[in-house]
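In what follows, a structure is listed as structure tokens, so that the remarks can point back to it.
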There are 2 protein chains.
Amino acid sequence: MTVTLADVAARAQVSPATVSRVLNGNYPVAASTRERVLKAVDELDYVLNGPASSLAAATSDLVGILVNDIADPFFGIIASAIQSEIGGPGGRAGGERLAVVCNTGGSPERELTYLTLLQRQRAAAVVLTGGAVEEGPQAAAIAAKLRKLADAGTRVVLCGRPPAPDTRAIALTFDNRGGARQLTEHLIGLGHRRLGYIAGPEERTTTRHRLEGHREALAAAGVEEDPRWTVHGRYDRRSGYEATLELLRRDPTLTAVVAANDSVALGACAALRESGMRIPEDVSVAGFDDLPFSVDAVPSLTTVRLPLADAGARAGRIAMSREDPPPGGIATIRGELMVRGSSGVPRG
Amino acid sequence: MTVTLADVAARAQVSPATVSRVLNGNYPVAASTRERVLKAVDELDYVLNGPASSLAAATSDLVGILVNDIADPFFGIIASAIQSEIGGPGGRAGGERLAVVCNTGGSPERELTYLTLLQRQRAAAVVLTGGAVEEGPQAAAIAAKLRKLADAGTRVVLCGRPPAPDTRAIALTFDNRGGARQLTEHLIGLGHRRLGYIAGPEERTTTRHRLEGHREALAAAGVEEDPRWTVHGRYDRRSGYEATLELLRRDPTLTAVVAANDSVALGACAALRESGMRIPEDVSVAGFDDLPFSVDAVPSLTTVRLPLADAGARAGRIAMSREDPPPGGIATIRGELMVRGSSGVPRG
DNA sequence: CAGTGGATAGAAAGCGCTTGCTGCCAGGTT
DNA sequence: AACCTGGCAGCAAGCGCTTTCTATCCACTG
């Protein structure tokens, strides 16, 4: 059998209640008693029973983090930052929290399932990262679930995701539209007029916002846009590679390719290079996010830096109530245009 | 108040026991009754109380995954693969498991703390990834903890980590030594005789094994080695950058730089390039792991591919007892040499 | 028609912990 | 000297579920 609170109590010659209080440190206990208890805990190698504790106290020390793809550094960086703030080892004492990182693969169904699982565990907080899917019956179901979680006392924070109205969820949103706009303005400023755009999956907010920003910039500069210049794909390198070949097929005269994110941009670079085009002499390329590897690409990638780690850390603190939520429960986090080697003056 | 089993039972006009059995599906319940219960569950929007369930059943559906750095794709890929196998949404029905991904930062203390936290939660399984620290009092403490976890019925699997004797832990080990050896043999075969080596942190098994493989290859080929040609650092790009500058300072005549992993190699490339050297004409560079971005580097990186996703998936299945452990509880997973553009014949 | 066994459903005893309330004692008041 | 007042410790009642054991009902069997 495993050691229980009662065993410790017996050995320390106190009541179970006292042991519990020593362990939780939320009630005065005489120093001598505390010591005796701690000694017993140590000698018996006692480990608290988490489920029992959670049940009795009606709280849990689990914090859920939902990400689209844990293998993608975009989410890895955010998750890492959140985790470093929610306590756990390394955080300040007391709040030893366990982060539950859930891979949704971007699927709303799985997102919903994970939220239910977290609700079942009575998670202390839940942080949802990355864009949301805005259509389909699932979207409403997710909003309803978030509301329920909030009602049950789980703090819900959205990081890099648009606000979810009527859910009481705190939202730290990336200014994807503004960033994309700046980026395209930069390219237009260099003289580009024929810009291909590799967008992410259709129904995602991030995709839409970045695309809208791009188009705003074009419209504002009076640059015409051919619908064939936009291709949708996934947020990965492979997709960028394929989409670029497609763009080149559709219109070989493009002078710039704007990608939905850095991974896609890298794929685009590979495709361009294999097609015999130089970057940026023949075609300029731009990404988004400024992930760590982007600066290492050759040429280094012009992109929009998103303060992923900062945002994640802030989300983590808010989830732990260690920082006040932004006014109105919504904060917009801006990106910063990083002009680097992959963008230049168009040829000809 | 939240809805409880009893509420559902009342509404369905059955006993709580029956509701529990319907939900768990581990006991015969008449179809009509089941339907009535399910209807009540649905109407009341009932969500099982996880802690209560775990307490009563003395089991939990949490699976711990320990990683050094969740922002590093090396671990992200493994974690993602593990998670896709341990059930959760998307996995087969029944075993809805929650993956708890814990960031240890490579620190044995935090590893230990997380293991205790998982033990407290009565985790169903724990997967430890990445190299271990082999010295210090913590190493023994971790082994002891693993033993205790195993004794308590938690399945312990090591993925990409050397076997831990006397712990009953299943180990899927990467053949770091063999991979490193092959890689260096390749460079020697090209004609390199003055090879710099950027190693990882000193006390880690992965660092040691890769370095040993490198030296074995040198020794086998009768190539002399200058101790100044080895620099230790961290497993990140920055470290590779700095270490390379240091190597260049120590001996500008090196014709190749072997890095502890791909991120380090990328940093090395950046440093070399900034120092005015061409890759591979002036200096060849090699990495390890073959992370997704490595093929995109310019020139693409010569490295050793580790089947991260496969290994993770296998670890996940073993953790879930869906696959038999390897004979002896230990399996060695080989890497595959990927010769690409960053390595070439030395100058002169 | 009593007897038997399979299939279901319920009663109730926990699982190991937390916490409101009560009790006790020492030191300080009046 | 009787009376408070705090500071600590213990009692005991759950927290919401699982599961063993028991009860019931029916359909058959002999």
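Because only heavy atoms are used, hydrogens play no part in the values below, and waters and symmetry mates are left out as well, while side chains stay in. In what follows, chains carry the letters A, B, and so on, assigned in the order in which the sequence lines appear, proteins first and then strands, with residues in each chain numbered from 1.
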What integer distance in Å separates Arg120(B):CZ from dG16(C):P? 16 Å
Review item, side-chain donor-acceptor pairs of residues 141-153 of chain B, under 3.5 Å, at least two apart:
| residue | atom | partner | partner atom | Å |
| --- | --- | --- | --- | --- |
| Lys145(B) | NZ | Thr116(B) | OG1 | 3.2 |
| Lys145(B) | NZ | Gln119(B) | OE1 | 2.9 |
| Arg147(B) | NE | Asp166(B) | O | 2.7 |
| Lys148(B) | NZ | Asp45(A) | OD2 | 2.6 |
| Asp151(B) | OD1 | Arg168(B) | NH2 | 2.7 |

Taking OP1 and OP2 of dG16(C), is either one under 4.0 Å from a side-chain nitrogen or oxygen of Thr4(A)? no
Are Thr33(A) and dA9(D) close enough that a side-chain N or O sits under 4.0 Å from OP1 or OP2? yes
Looking at every strand, decide which applies to Val14(B) at a 4.0 Å heavy-atom threshold: base, sugar-phosphate, or nothing. sugar-phosphate
Taking atom P of dC15(C) as reference, at what distance in whole Å does atom CG of Leu5(B) sit? 19 Å
Listed nucleotide nearest any side-chain atom of Thr18(A), set dA12(D), dA9(D), dT8(C): dA9(D)
Between Arg204(A) and Glu134(A) (salt bridge meaning N to carboxylate O under 4.0 Å), is one present in this structure? no
Hey, is the main chain of Pro16(A) close enough, under 3.5 Å, to the side chain of Ser20(A) for a donor-acceptor pair? no
Go through the N and O atoms of the side chain of Tyr27(B) and the base of dA7(C), and report whether any donor-acceptor pair is under 3.5 Å. no
Leu44(A) CG to dG16(C) P: how many Å, rounded? 15 Å
Could you give the CZ-to-C1' distance, from Arg21(B) to dT8(C), as a whole number of Å? 8 Å
Position toward the 5' end of DNA chain D (nearest nucleotide), Ser53(B) or Pro28(A): Pro28(A)
Rounded distance in Å - CD (Glu35(B)) to P (dT8(C)): 14 Å
Spacing of Leu55(A) atom CG relative to dC17(D) atom P, expressed in whole Å: 9 Å
Given Asn103(A), Leu308(A), Asn68(A), Val101(A), the one that forms side-chain contact (heavy atoms from CB on, under 4.5 Å) with Phe75(A): Asn68(A)
Phosphate contact (dA11(C) OP1 or OP2) by Ser15(B) side-chain N/O below 4.0 Å: no
Of all the nucleotides listed (dC8(D), dT18(C), dA11(C)), which has the minimum atom distance to the side chain of Ala56(A)? dT18(C)
Look at all strands and tell whether Ala30(A) reaches a base, only sugar-phosphate, or nothing, counting heavy atoms closer than 4.0 Å. sugar-phosphate
Check step by step if side chain to side chain contact (heavy atoms under 4.5 Å, CB included) holds for Thr104(B) and Val67(B). CA-CA 6 Å; Thr104(B) 65; Val67(B) 300; over 6 Å; no
Side chain to side chain contact (heavy atoms under 4.5 Å, CB included) assessment of Val14(B) paired with Val19(B): CA-CA 7 Å; Val14(B) 296; Val19(B) 177; 3.7 Å; yes
Nearest nucleotide by nearest heavy atom, which residue falls closer to the 5' end of DNA chain C, Ala31(B) or Ala57(B)? Ala31(B)
Nearest-Å distance, CG (Asp61(B)) to P (dC17(D))? 14 Å
For dC15(D), take OP1 and OP2 only and decide whether either is under 4.0 Å from a side-chain N or O of Asn49(B). no
Hey, does Asn26(A) reach any base, or is it just sugar-phosphate, or nothing, if we go heavy atoms under 4.0 Å? sugar-phosphate
Between P on dT19(D) and CG on Asn24(B), what's the gap in Å once rounded to a whole number? 7 Å
Categorize Val19(B) for me: base, sugar-phosphate, or nothing, with a 4.0 angstrom heavy-atom threshold over every strand shown. nothing
